[in-house]
Colleague: 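Quick one: this structure, given as structure tokens, is what I'll be asking you about.
Reckoned from all heavy atoms, side chains included, excluding hydrogens, waters and symmetry mates. Start at 1 with the first residue, then count along the sequence. Since we're looking at a predicted model, the values are computed, not measured.
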Amino acid sequence: MKINRIFLFLLLAVGIIGFVLSGCTDPQSEANLSNGITNDQINNESSLTTEQANIVFRAVQELLLSTYPRETDKLDNISIHFTNEQTDNNVSILDVNVEADMTSIRKPEDSPLIAGMQKALSEANNDVEKKAGKQLIDGHLKEMAPYFNKTGRALFPLRLTFENGDKSDFKYELFYLLSISEQVTIYPAKTYFEEHFKEDSVEKEQMGYEMMKEELSSP
């Protein structure tokens, strides 16, 4: 049975989804500017101090940059909005709405999926198989082409929890909010990004290899 191509298309779309800077003159703005962060990047409607908000911003920035490498994606204009704060037993819970411009800069033909297909195609036994394999690759390149060098605004809904108390001992947790049919499920942010957003190039290449092998073995 051939791999579901709709599922593959969704994987490619997911693989296509980041952070830049701007400013002001009040004390909070000056503190941010000294740290390379501007008020246009952080909208803080919570009890977080400027320093705490900067700490979370940098953690989110690092998470995005580690998920979407510079070799494949360009990330600009990161912004973060802390809002909807609630307190429960001295623990603050608030929404963290992250946005970023993301541009896919890797050429479609350099995708590990295509590399896997090419590897399997090199093992073709005759011209008929080679022609069928080339058509398969051309079809996927055509599907991927609209995403190359295109910029889209990516949204990342997160939740932050932290204990109220000693401001010098800031301990917090970040979660990703997954909404399906109006039901929200929370996951540890780092784990979710690694499992669902970060590309596994070895796995993707193997997928391309197997797809081509199945195509070539079809009657």
Side-chain angles (χ1 to χ4, degrees), residues 2-22 36-38 40-42 57-81 96-122 133-158 174-180 187-212 214-215:
K2 293 187 178 182
I3 293 175
N4 188 314
R5 295 192 184 177
I6 295 178
F7 174 71
L8 173 64
F9 181 79
L10 291 174
L11 281 178
L12 293 172
V14 168
I16 297 176
I17 310 218
F19 290 82
V20 152
L21 322 169
S22 300
I37 301 172
T38 71
D40 283 354
Q41 291 179 278
I42 299 178
F57 178 89
R58 286 199 172 90
V60 170
Q61 184 179 51
E62 183 179 340
L63 177 60
L64 290 179
L65 291 174
S66 65
T67 302
Y68 303 104
R70 299 178 189 277
E71 297 80 17
T72 61
D73 301 286
K74 180 184 177 185
L75 301 172
D76 294 297
N77 299 320
I78 300 170
S79 67
I80 190 167
H81 183 195
V96 182
N97 300 320
V98 178
E99 297 187 18
D101 291 337
M102 181 170 175
T103 307
S104 176
I105 60 174
R106 182 176 63 194
K107 295 179 180 179
E109 56 267 30
D110 293 333
S111 163
L113 181 83
I114 299 300
M117 289 184 176
Q118 294 281 14
K119 181 179 179 181
L121 182 58
S122 69
K134 186 177 184 306
Q135 289 177 341
L136 179 65
I137 290 174
D138 289 345
H140 282 286
L141 288 174
K142 186 176 181 180
E143 287 181 349
M144 298 163 73
Y147 299 107
F148 177 58
N149 266 342
K150 293 296 186 297
T151 301
R153 192 67 173 163
L155 309 177
F156 303 92
L158 305 179
L174 269 176
F175 300 91
Y176 181 79
L177 304 180
L178 179 64
S179 299
I180 300 178
Y187 299 90
K190 188 174 187 296
T191 300
Y192 192 89
F193 273 61
E194 289 178 348
E195 292 182 355
H196 297 275
F197 295 150
K198 190 170 186 176
E199 180 181 72
D200 185 330
S201 59
V202 174
E203 180 182 358
K204 190 68 72 66
E205 183 173 335
Q206 183 63 27
M207 179 186 295
Y209 181 86
E210 293 175 0
M211 285 183 63
M212 181 62 74
E214 289 186 8
E215 181 71 19

Colleague: Quick one: which of Val96, Leu158, Thr191 gives a side-chain contact (heavy atoms from CB on, under 4.5 Å) with Tyr176?
Modeller: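 That would be Leu158.
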
Colleague: Rounded to the nearest 0.5 Å, how far does CD of Glu99 lie from NE2 of His81?
Modeller: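 If I round to the nearest 0.5 Å, the distance is 10.0 Å.
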
Colleague: Would you say Arg106 and Pro69 make side-chain contact, with heavy atoms under 4.5 Å?
Modeller: no

Colleague: Do Leu155 and Val98 touch side chain to side chain, with heavy atoms closer than 4.5 Å?
Modeller: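 No, their side chains stay 4.5 Å or more apart.
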
Colleague: Ignoring hydrogens, what is the shortest heavy-atom contact between Glu71 and Ile105? Give both atom names and the distance.
Modeller: O-CG1, 4.0 Å

Colleague: Between Leu63 and Phe156, is the side chain to side chain contact (heavy atoms under 4.5 Å, CB included) condition met? List the steps.
Modeller: CA-CA 11 Å; Leu63 177 60; Phe156 303 92; over 6 Å; no

Colleague: Which pair of heavy atoms, one from Ser66 and one from Lys198, lies closest together, and at what distance?
Modeller: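 Nearest pair, atom of Ser66 first, then Lys198: O-CE, 3.4 Å.
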
Colleague: For residues Thr151 and Lys74, determine if any side-chain heavy atom of one lies less than 4.5 Å from a side-chain heavy atom of the other.
Modeller: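 A side-chain contact under 4.5 Å is absent here.
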
Colleague: Quick one: closest heavy-atom pair of Gln41 and Phe57, and the distance?
Modeller: NE2-CZ, 3.2 Å

Colleague: Nearest 0.5 Å, what's the CE-CD distance between Met144 and Glu109?
Modeller: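 So the gap between those two atoms works out to 8.5 Å.
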
Colleague: Shortest non-hydrogen contact from Pro146 to Lys142?
Modeller: CD-O, 3.3 Å

Colleague: In Å, rounded to the nearest 0.5 Å, how long is the span from CD1 of Ile80 to CG of Asn97?
Modeller: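 Reported value, rounded in 0.5 Å steps: 9.0 Å.
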
Colleague: Take Lys190 and Glu194 through the salt bridge (Lys or Arg N to Asp or Glu O under 4.0 Å) test and state the conclusion after the steps.
Modeller: CA-CA 6 Å; Lys190 188 174 187 296; Glu194 289 178 348; 2.6 Å; yes

Colleague: Ignoring hydrogens, what is the shortest heavy-atom contact between Ser201 and Pro112? Give both atom names and the distance.
Modeller: O-CB, 3.5 Å

Colleague: What's the spacing between Ser122 OG and Tyr209 OH if we round to 0.5 Å?
Modeller: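 Between Ser122 OG and Tyr209 OH, I get 7.5 Å after rounding to 0.5 Å.
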
Colleague: Answer yes or no: is there a side-chain heavy-atom contact under 4.5 Å between Leu65 and Arg70?
Modeller: yes

Colleague: How far does CD of Gln206 sit from CG of Leu113, to the nearest 0.5 angstrom?
Modeller: 11.5 Å

Colleague: Classify the ring geometry of Tyr187 against Tyr192: parallel below 30°, tilted from 30° to 60°, perpendicular beyond 60°.
Modeller: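 Answer is tilted, since the angle falls between 30° and 60°.
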
Colleague: Which one of Gln135, Lys134, His140 satisfies the side chain to side chain donor-acceptor pair (under 3.5 Å) criterion with Asp138?
Modeller: Lys134

Colleague: Roughly how far, to the nearest 0.5 Å, is CE of Met117 from CD1 of Ile114?
Modeller: 5.0 Å

